[in-house]
*Asks:* 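Have a look at this one.
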Amino acid sequence: MNETRKFSEGLLDDEIILKKLKITLGQTILDAGCGNGYMAKKFSALVGHTGKIYALDPDKVSISTLRKEVEKTNIVALVGDITKITEIKECSIDLVYLSTVFHIFSYSQIAGFEKEIKRISKPGAKLAIVNIKKENAPFGPPIEMRSSPEELRQKLSFIPGEVIEVNEHFYMQLFEKI
Ligand SMILES: C[S@@+](CC[C@H](N)C(=O)[O-])C[C@H]1O[C@@H](n2cnc3c(N)ncnc32)[C@H](O)[C@@H]1O
């Protein structure tokens with residue numbers, strides 16, 4: 001993403017992502033760094049009325065717009081920073097989805113992210129991280145800010161699962177155990 005591209009909507013193969021996430025009715029999902037919340041809306045239908053989606057972002061304008069759009073749905077839009085303690089209850093989340101956000105984090109933010117994910121996740125919860133590949137692309141942050149799947153796995157202490165190609169320029173790393 002460059003400064004003019006704030007959301008990944010339209011860039012990723014959402015079908016592949018949703019198939020691999022195996023979302024079920026009743027789950028509680030966190031879309032961390034949700035931007036305009038387009039994936040939170042897709043998750044919403046899949047968890048049904050017994051499930052819940054938290055759409056979290058520090059950008060007050062994005063969250064305020066999203067909050068109006070998702071009134072009376074199972075989506076709760078929250079202003080927050082996922083590298084710090086959030087309003088989300090401990091041990092309440094089945095799946096954390098973090099798309100095109102990880103490259104922004106400093107080392108100390110990665111440590112804070114891990115801590116908060118561990119606090120809010122249920123035992124057996126999953127984490128899915130979508131990143132831009134560490135290779136030339138017509139858009140996106142500088143190469144040195146990006147992580148390959150191997151580097152991502154080294155930076156986080158969670159148990160890694162599958163790496164999925166979500167299109168030419170992006171991959172999704174699943175972590176099976178938090
Ligand atoms: C490139 S956008 C991606 C938005 C969305 N995930 C998507 O795929 O379209 C990066 C988002 O990360 C958010 N962000 C930056 N730092 C964050 C943090 N510490 N915690 C949560 N979100 C953060 C930004 O506000 C922005 O909305």
Side-chain angles (χ1 to χ4, degrees), residues 1-21 23 28-44 46 53-70 75-88 92-93 95-121 125-134 137-147 149 152 155-156 158 164-175 178:
M1 318 276 92
N2 55 28
E3 287 98 325
T4 56
R5 181 94 210 188
K6 283 178 85 179
F7 314 122
S8 61
E9 186 169 19
L11 285 179
L12 308 175
D13 188 332
D14 302 335
E15 296 281 304
I16 293 184
I17 293 174
L18 293 173
K19 189 171 162 214
K20 290 290 179 177
L21 294 180
I23 293 167
T28 301
I29 299 177
L30 166 63
D31 184 355
C34 63
N36 67 358
Y38 83 98
M39 281 304 274
K41 290 175 190 163
K42 289 182 190 260
F43 299 151
S44 164
L46 295 171
I53 311 298
Y54 289 103
L56 179 105
D57 202 286
D59 187 318
K60 290 187 180 135
V61 175
S62 298
I63 292 300
S64 143
T65 307
L66 181 63
R67 201 170 274 150
K68 285 178 201 139
E69 288 170 5
V70 301
I75 303 176
V76 178
L78 293 175
V79 174
D81 177 343
I82 195 56
T83 69
K84 297 188 176 152
I85 295 178
T86 64
E87 287 177 46
I88 298 168
S92 61
I93 301 292
L95 168 69
V96 178
Y97 179 76
L98 184 88
S99 166
T100 60
V101 180
F102 190 84
H103 64 274
I104 299 168
F105 295 162
S106 65
Y107 280 105
S108 64
Q109 284 181 306
I110 292 173
F113 169 72
E114 273 211 346
K115 205 169 165 194
E116 181 57 2
I117 295 303
K118 284 180 183 163
R119 187 187 70 80
I120 62 177
S121 293
K126 287 183 184 171
L127 166 66
I129 298 187
V130 174
N131 275 341
I132 188 162
K133 291 182 187 172
K134 200 170 180 172
F139 47 77
I143 290 267
E144 60 276 12
M145 284 179 76
R146 305 181 199 182
S147 300
L152 182 63
K155 288 174 186 173
L156 293 168
F158 308 129
I164 298 120
E165 176 126 346
V166 286
N167 79 8
E168 195 189 344
H169 298 297
F170 296 87
Y171 70 88
M172 177 166 72
Q173 170 76 59
L174 295 177
F175 290 90
I178 295 174

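We count ligands from 1, going down the list as the structure has it; atoms in each ligand are counted the same way. Side-chain atoms are counted along with the backbone in the values below, which use heavy atoms only and exclude waters and symmetry mates. None of these values were measured; they are calculated from a predicted model.
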*Asks:* Heavy-atom contact check, 4.0 Å cutoff: does Pro58 meet ligand 1?
*Replies:*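 Distance cut 4.0 Å: Pro58 passes for ligand 1.
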
*Asks:* Looking only at side-chain N and O atoms, does Ser147 offer a donor or acceptor that is under 3.5 Å from a partner on Lys155?
*Replies:*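 A pair is found: one side chain offers a donor N or O, the other an acceptor, under 3.5 Å apart.
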
*Asks:* Can you tell which of Asp31, Leu11, Asp57 gets a heavy atom nearest to atom 27 (O) of ligand 1?
*Replies:*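 It is Asp57 whose heavy atom sits nearest to atom 27 (O) of ligand 1.
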
*Asks:* Do Glu168 and Lys133 meet the salt-bridge criterion of a basic N to acidic O distance under 4.0 Å?
*Replies:*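 Here Lys133 does not pair with Glu168 in a salt bridge, since their nearest N and O are not under 4.0 Å apart.
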
*Asks:* What about the rings of Phe113 and Phe105, do their centers lie closer together than 6.0 Å?
*Replies:*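 Yes: the rings meet the under 6.0 Å criterion.
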
*Asks:* State, with a plain yes or no, whether a side-chain heavy atom of Tyr54 is found less than 4.5 Å away from one of Ile120.
*Replies:*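 Heavy-atom side-chain distance check fails, nothing below 4.5 Å.
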
*Asks:* Find all atoms of ligand 1 within a distance of less than 4.0 Å from any non-hydrogen atom belonging to Phe7, and give their numbers and elements.
*Replies:*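 Every atom of ligand 1 under 4.0 Å from some heavy atom of Phe7: 9 (O).
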
*Asks:* Kindly check if the number of other-residue, nucleotide or ligand heavy atoms within 6.0 Å of CD (Glu69) is above 12?
*Replies:*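 Count over threshold, so yes.
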
*Asks:* So which bit of Val101 gets within less than 4.0 Å of ligand 1, heavy atoms only: side chain, backbone, both or neither?
*Replies:*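 Side chain only.
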
*Asks:* Looking at Phe105, which atoms of ligand 1 are within less than 4.0 Å of one of its heavy atoms?
*Replies:*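 Checking each atom against Phe105, I get 18 (C), 19 (N).
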
*Asks:* If hydrogens are left out, which of Gly33, Gly37, Ser8 has an atom nearest to atom 5 (C) of ligand 1, that is, the closest non-hydrogen atom?
*Replies:*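 The nearest heavy atom belongs to Gly33.
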
*Asks:* Taking only heavy atoms of Asp81, which atoms of ligand 1 are found under 4.0 Å from at least one of them?
*Replies:*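 That gives atoms 18 (C), 19 (N), 20 (N) of ligand 1.
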
*Asks:* Test of understanding: given a 4.0 Å heavy-atom threshold, classify the contact between Ile82 and ligand 1 as side chain, backbone, both, or neither.
*Replies:*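 Looking at Ile82 and ligand 1, atoms from backbone and side chain both fall under 4.0 Å.
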
*Asks:* Under 4.0 angstrom from ligand 1, any heavy atom of Tyr38?
*Replies:*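 Right, Tyr38 reaches ligand 1.
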
*Asks:* Salt bridge check, Lys118 against Glu114: does any charged N sit closer than 4.0 Å to a carboxylate O?
*Replies:*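 Yes, Glu114 and Lys118 are salt-bridged.
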
*Asks:* Just wondering, do Leu56 and Leu30 contact through their side chains at under 4.5 Å, heavy atoms?
*Replies:*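 In short, these two side chains touch, coming nearer than 4.5 Å.
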
*Asks:* If I apply the N/O under 3.5 Å rule, does Ser99 come out as touching ligand 1?
*Replies:*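 Yes, at least one N or O pair falls under 3.5 Å.
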
*Asks:* Looking at Gly35, which atoms of ligand 1 are within less than 4.0 Å of one of its heavy atoms?
*Replies:*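 Every atom of ligand 1 under 4.0 Å from some heavy atom of Gly35: 4 (C), 27 (O).
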
*Asks:* Is there a side-chain contact between Ile29 and Leu46 (heavy atoms, below 4.5 Å)?
*Replies:*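 Result no, sub-4.5 Å side-chain heavy-atom pair not found.
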
*Asks:* When you look for heavy atoms under 4.0 Å from ligand 1, do you find them on the side chain of Cys34, its backbone, both, or neither?
*Replies:*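 For Cys34, the contact with ligand 1 is made by the backbone alone.
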
